[in-house]
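Here is the structure we will look at.
None of these values were measured; they are calculated from a predicted model.
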Amino acid sequence: MSNIKFEYREATGHVETLMASTEAEAIEEAKGLLRDGDWDTSKGTVWPIAFVVEVEVDDEGHEVDVDHETVSVSIDPPEPGCSEGAHDWQAPYSILGGLKEDPGVFGHGGGMIIRDVCAHCGVYRKRDTGARNPVTGEHGLGSVAYEDADEKSLTWVHNQRKVRAPGGG
Ligand SMILES: [Zn+2]
């Protein structure tokens, strides 16, 4: 008789024995562990990966890896706070460029990059509909990144306020 157990292994060397008794459960459990991890999303969405390894343990306690699956999850960066509580995402041509009728949208090989900027605080958002997981090579993933406001966006925000101000027109 031999027993099967499932292990979670990260590239960092971190290993945990999973509670799961089937591979499907083990994959779900591993995704949960990945989501709970502390990943650096300062440059945008990341796709950390781990292996779920099926380990056979015989009567004498010898362990043999019999199968493994790669597990990956998508971790988006938290949305930065806004001076007005919630961002007002807009796509002004003067800031973002691109096509006049579709500012801030840029096609690339696998999808589109969509940039916009908050009319309250000037923070930039960049979404990529065709991002690629650098580890697994998987294409067509959605990613998001935020960039700090700069002089250009803050000037635009300031000018928008003037336009909107009551009695200012
Ligand atoms: Zn904002």
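Salt-bridge formation is detected for the pair Asp116/Arg127: a Lys NZ or Arg NE/NH1/NH2 atom is positioned less than 4.0 Å from an Asp or Glu carboxylate oxygen. Salt-bridge annotation for Lys5 and Glu56: absent, with no side-chain N of the basic residue lying under 4.0 Å from a carboxylate O of the acidic one. A salt bridge is defined here as a Lys NZ or Arg NE, NH1 or NH2 lying under 4.0 Å from an Asp or Glu carboxylate O, and Glu147 with Lys43 fails to meet this definition.
Atoms OH and NZ, on Tyr93 and Lys100 in that order, are 4.0 Å from each other to the nearest 0.5 Å. If you take OG1 on Thr136 and CD on Glu138, they are separated by 5.0 Å, rounding to the nearest 0.5 Å. Distance check: Arg125 CZ to Gln90 CD gives 11.5 Å after rounding to the nearest 0.5 Å.
Considering every non-hydrogen atom in both Met112 and Gly107, the closest pair reads CG-CA, 4.1 Å. In plain terms, the two heavy atoms of Pro77 and Gly44 that are nearest each other are CD-C, 3.8 Å. Summarising the geometry of Ala26 relative to Ala20, their closest heavy-atom pair is N-CB, 3.2 Å, with the distance given to 0.1 Å. Across every non-hydrogen atom of Glu10 and Ala50, the tightest pair is CG-CB, 4.2 Å. Between Pro80 and His87, the closest heavy-atom pair is O-NE2, 2.7 Å. Shown here for Leu96 and Gly104, the closest heavy-atom pair between the two residues is CB-CA, 3.7 Å.
Between the side chain of Gln160 and the backbone N or O of Trp156, no donor-acceptor pair lies under 3.5 Å. Thr129 contributes no side-chain N or O that, together with a main-chain N or O of Gly142, makes up a donor-acceptor pair within less than 3.5 Å. A donor-acceptor contact shorter than 3.5 Å links the side chain of Thr155 to the backbone of Glu151. The backbone N or O of Trp47 sits nowhere less than 3.5 Å from a side-chain atom of Ser74 that would complete a donor-acceptor pair. For Arg35 (side chain) and Ala30 (main-chain N/O), no donor-acceptor pair under 3.5 Å exists by modelled atom type. Remark: the backbone N or O of His62 is paired with a side-chain donor or acceptor of Asp58 at under 3.5 angstrom. Put simply, the side chain of Glu69 never gets that close to the backbone of Val53: no donor and acceptor are under 3.5 Å apart. Judged by distance alone, the side chain of Ser153 and the main-chain N or O of Gly122 form a donor-acceptor pair under 3.5 Å.
With a 4.5 Å cut-off on side-chain heavy atoms, Ile113 and Val105 do not count as touching. In this structure, Glu7 and His68 have side chains that are not in contact, with every pair of non-hydrogen atoms separated by 4.5 Å or more. For the pair Pro103 and Pro92, the minimum side-chain heavy-atom distance is 4.5 Å or more. At least one side-chain heavy atom of Leu33 sits less than 4.5 Å from a side-chain heavy atom of Leu18. Side-chain contact between Thr22 and Glu25 is present, with heavy atoms from C-beta onward closer than 4.5 Å. Proximity of Asp65 to Glu54: side-chain heavy atoms (C-beta onward) are nowhere separated by under 4.5 Å.
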- Task: Before giving the answer on side-chain contact (heavy atoms from CB on, under 4.5 Å), spell out for Phe6 and Val55 the whole-Å C-alpha distance, their side-chain angles and the decisive distance to 0.1 Å.
- Result: CA-CA 6 Å; Phe6 292 93; Val55 182; over 6 Å; no
- Message: Set out, in order, the CA-CA distance, both residues' side-chain angles and the distance that settles side-chain contact (heavy atoms from CB on, under 4.5 Å) for Leu141 and Asn133, then state yes or no.
- Response: CA-CA 7 Å; Leu141 303 168; Asn133 181 330; 3.7 Å; yes
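For the residue pair Asp128 and Ser143, no side-chain donor N or O sits within less than 3.5 Å of a side-chain acceptor on the partner. In the model, Tyr124 has a side-chain atom that pairs as donor or acceptor with a side-chain atom of Asp150 under 3.5 Å.
Note on Ile75: it clusters hydrophobically with Val52, by side-chain heavy-atom contacts below 4.5 Å among ILVMFWY residues. When hydrophobic clusters are built by joining Ile, Leu, Val, Met, Phe, Trp and Tyr residues whose side-chain heavy atoms come closer than 4.5 Å, directly or via intermediates, Ile95 is not grouped with Val123. No path of Ile, Leu, Val, Met, Phe, Trp and Tyr side chains, each step under 4.5 Å between heavy atoms, connects Ile114 with Tyr146, placing them in separate hydrophobic clusters. By the criterion of side-chain heavy atoms lying less than 4.5 angstrom apart, applied directly or through intervening Ile, Leu, Val, Met, Phe, Trp or Tyr residues, Val144 is grouped together with Trp89 in one hydrophobic cluster. Connection of Leu34 to Val46 is established within a shared hydrophobic cluster, with ILVMFWY side chains joined at heavy-atom distances below 4.5 Å, either directly or through further cluster members.
Judged as a salt bridge (Lys or Arg N to Asp or Glu O under 4.0 Å), and not counting sequence neighbours, Arg132 has no contacts.
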